[in-house]
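Heads up: the structure comes next, in structure tokens.
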Number of protein chains: 2
Amino acid sequence: MRTLSPPVGLPALADADLVGQVARLLTQAVVEGRLAPGSKVVEAGIARELGVSRAPVREAARLLEQQGLLVASPRRGFFVRKFAADDIDDIYDLRLCVERHAAVLAARNLTPETRDMLRRQIDVLHQTADLEDPARQVEEDYRFHRLICEIAANRRLLRLFDDLASEMRMVIGLIGRLYDDPHEIARTHEPVLAAIEQGHPERIVAHIDYHIGHAWREVGKLVREIPA
Amino acid sequence: MRTLSPPVGLPALADADLVGQVARLLTQAVVEGRLAPGSKVVEAGIARELGVSRAPVREAARLLEQQGLLVASPRRGFFVRKFAADDIDDIYDLRLCVERHAAVLAARNLTPETRDMLRRQIDVLHQTADLEDPARQVEEDYRFHRLICEIAANRRLLRLFDDLASEMRMVIGLIGRLYDDPHEIARTHEPVLAAIEQGHPERIVAHIDYHIGHAWREVGKLVREIPA
DNA sequence: TAATCGTCGATTGTCGACAGTTTAGTCTTG
DNA sequence: CAAGACTAAACTGTCGACAATCGACGATTA
């Protein structure tokens, strides 16, 4: 008798992986602003608060360092990253570079199935727009762009997008609010998809530039308004 | 009286940073092939061999994981990354994306000083070509491309380039040999610089594509010849 | 009075130890 | 003889402890 677990899509049982949990909690604390930018993250303090030893906290901190949420200073500890206007520009400039490339590749790989996935995600964006849940809206927005990277079928590129997304999440978290009209945002994704469907690299790049350039300017403006 | 330490050019005291040293030694071992791809990296073993405890080894391993040299499998440990042909394509495709962008930005920022730095680095490439030292040649090659990223003046982009370079170093290390004629390689950098000096984005991209596409094809060929 | 030195508490870097899990090897069984 | 169950060794994840180092504050000196 085959008792070998037939793979049902179970989400891998909320791991007993301490490092991951600590990393998630720290990320939340940072994004929600409970840990102010520039403030020190004391290993022993976090460890005590969570009831674990310093080892997992340390590893989680190193993880978040690589993700750009914390910065490590040898023998002085970890600090919550401060974002200057320059950092915003660096991040969005790189994002532009990545997504242009991803979109062109995605157009090349596009199938009816993947096309529908993008289409459906735009629908989700419209539905989410009614929910008055900005965090969710941002998340679904990223999901659309992440889909493009998935369709581009370059794992290294997808990982980079995820790293950038986590940095952007932090920035957005610091700003607090973001979009004025979520429906408007949802709509602006449509020309991007249309360009990908049509497949002219130049037109794709132009629409990606417009779309991301818009976000760039918005975020940049807000960051300059509320400086550290 | 101002006795405030007048800055004498002291070389910043070679760090006693264990993690960094372990990371460097592990990287060497991997690049030199003493740790075969796919083989397990046992924390306690490395620790004993280096006369340190497992803690710094663990942190170093995590670092190399983020750099793509090792892969971690929960509760099973770290393994030396195996590169398939797909991985090569992913990496070089992303490199192409990054360097196109960097070169265009570099052209925009180019000053007489930075122009000369690039020019001089091409000279170094020619000089190194006579040394019959392939590792050094590859290193100086990267230095040229890294310079472009520095001139582009996007720190996030520079970090990405460094990450990609470390992955490529590993691949090159596995292949062993690389170029047939180092002088030829040195020469192929000249049109890239010329295009950057001229400043037409399209021409820059075209030359970058040609230059990196060449390396891509060469490395790809060798990887397919010597599969895991 | 201002800059430097010395001291003390707080915090990191590193270590050895233990528990639970994985893996390799052996034995059993159909 | 192959496949599965069992056992023992090896390894990872986590912990608490200790020494080295850092930052702050008060003492000291010109």
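The shown structure was predicted, so the numbers you read here are calculated from the model rather than taken from an experiment. Below, read A as the first sequence line, B as the second, and so on, with proteins coming before strands; counting in each chain starts at 1.
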Quiz item: What residue pairs, at least two apart or across chains, pass side chain to side chain donor-acceptor pair (under 3.5 Å) with a residue in residues 59-69 of chain B?
Solution: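 Counting only pairs at least two positions apart or across chains, the side chain to side chain donor-acceptor pair (under 3.5 Å) contacts touching residues 59-69 of chain B are R58(A)-E59(B), E59(A)-R62(B), R62(A)-E59(B).
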
Exercise. Would you please name every residue forming a side-chain hydrogen bond (donor to acceptor under 3.5 Å, both in side chains) with E139(A), sequence neighbours left out?
Key: R169(A)

Quiz item: Which residues pass the side-chain hydrogen bond (donor to acceptor under 3.5 Å, both in side chains) test with Q121(A), sequence neighbours left out?
Solution: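 Q121(A): side-chain hydrogen bond (donor to acceptor under 3.5 Å, both in side chains) contacts with E140(A).
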
Quiz prompt | Any residue meeting ring pair (Phe, Tyr, Trp, His ring centres under 6.0 Å) with F144(B), in chain and number order, not counting sequence neighbours | solution =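 Residues passing ring pair (Phe, Tyr, Trp, His ring centres under 6.0 Å) with F144(B): H189(B).
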
Quiz prompt | side chain to side chain contact (heavy atoms under 4.5 Å, CB included) against A129(A), all qualifying residues, sequence neighbours excluded | solution =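 Expected list: Q137(A), P182(A), H183(A).
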
Show me, pair by pair, the donor-acceptor contacts under 3.5 angstrom made by side chains of residues 157-165 of chain B, not counting sequence neighbours?
{"from": "D162(B)", "atom 1": "OD1", "to": "R146(B)", "atom 2": "NE", "distance (Å)": "2.9"}
{"from": "D162(B)", "atom 1": "OD2", "to": "R146(B)", "atom 2": "NH2", "distance (Å)": "3.0"}

Quiz item: Is the shortest side-chain N to carboxylate O distance from K82(B) to D87(B) below 4.0 Å?
Solution: no

Donor-acceptor pairs under 3.5 angstrom involving side-chain atoms of residues 110-117 of chain B: please list them, not counting sequence neighbours.
{"from": "T111(B)", "atom 1": "OG1", "to": "E113(B)", "atom 2": "N", "distance (Å)": "3.3"}
{"from": "T111(B)", "atom 1": "OG1", "to": "E113(B)", "atom 2": "OE1", "distance (Å)": "3.3"}
{"from": "T111(B)", "atom 1": "OG1", "to": "T114(B)", "atom 2": "N", "distance (Å)": "3.2"}
{"from": "T111(B)", "atom 1": "OG1", "to": "T114(B)", "atom 2": "OG1", "distance (Å)": "3.1"}
{"from": "T114(B)", "atom 1": "OG1", "to": "T111(B)", "atom 2": "N", "distance (Å)": "2.8"}
{"from": "T114(B)", "atom 1": "OG1", "to": "T111(B)", "atom 2": "O", "distance (Å)": "3.0"}
{"from": "R115(B)", "atom 1": "NH1", "to": "E197(B)", "atom 2": "OE1", "distance (Å)": "3.2"}
{"from": "R115(B)", "atom 1": "NH1", "to": "E197(B)", "atom 2": "OE2", "distance (Å)": "3.3"}

Quiz item: Along nucleotides 9-16 of chain D, 5' to 3', which nucleotides get a B, which get an S, and which get a -, given that the test is a protein heavy-atom distance under 4.0 Å?
Solution: --SBBBB-

Quiz item: Between dT14(C) atom P and I46(B) atom CD1, what is the distance in whole Å?
Solution: 17 Å

Could you list the protein-to-nucleotides 6-9 of chain C atom pairs, N/O on both sides, closer than 3.5 Å?
none

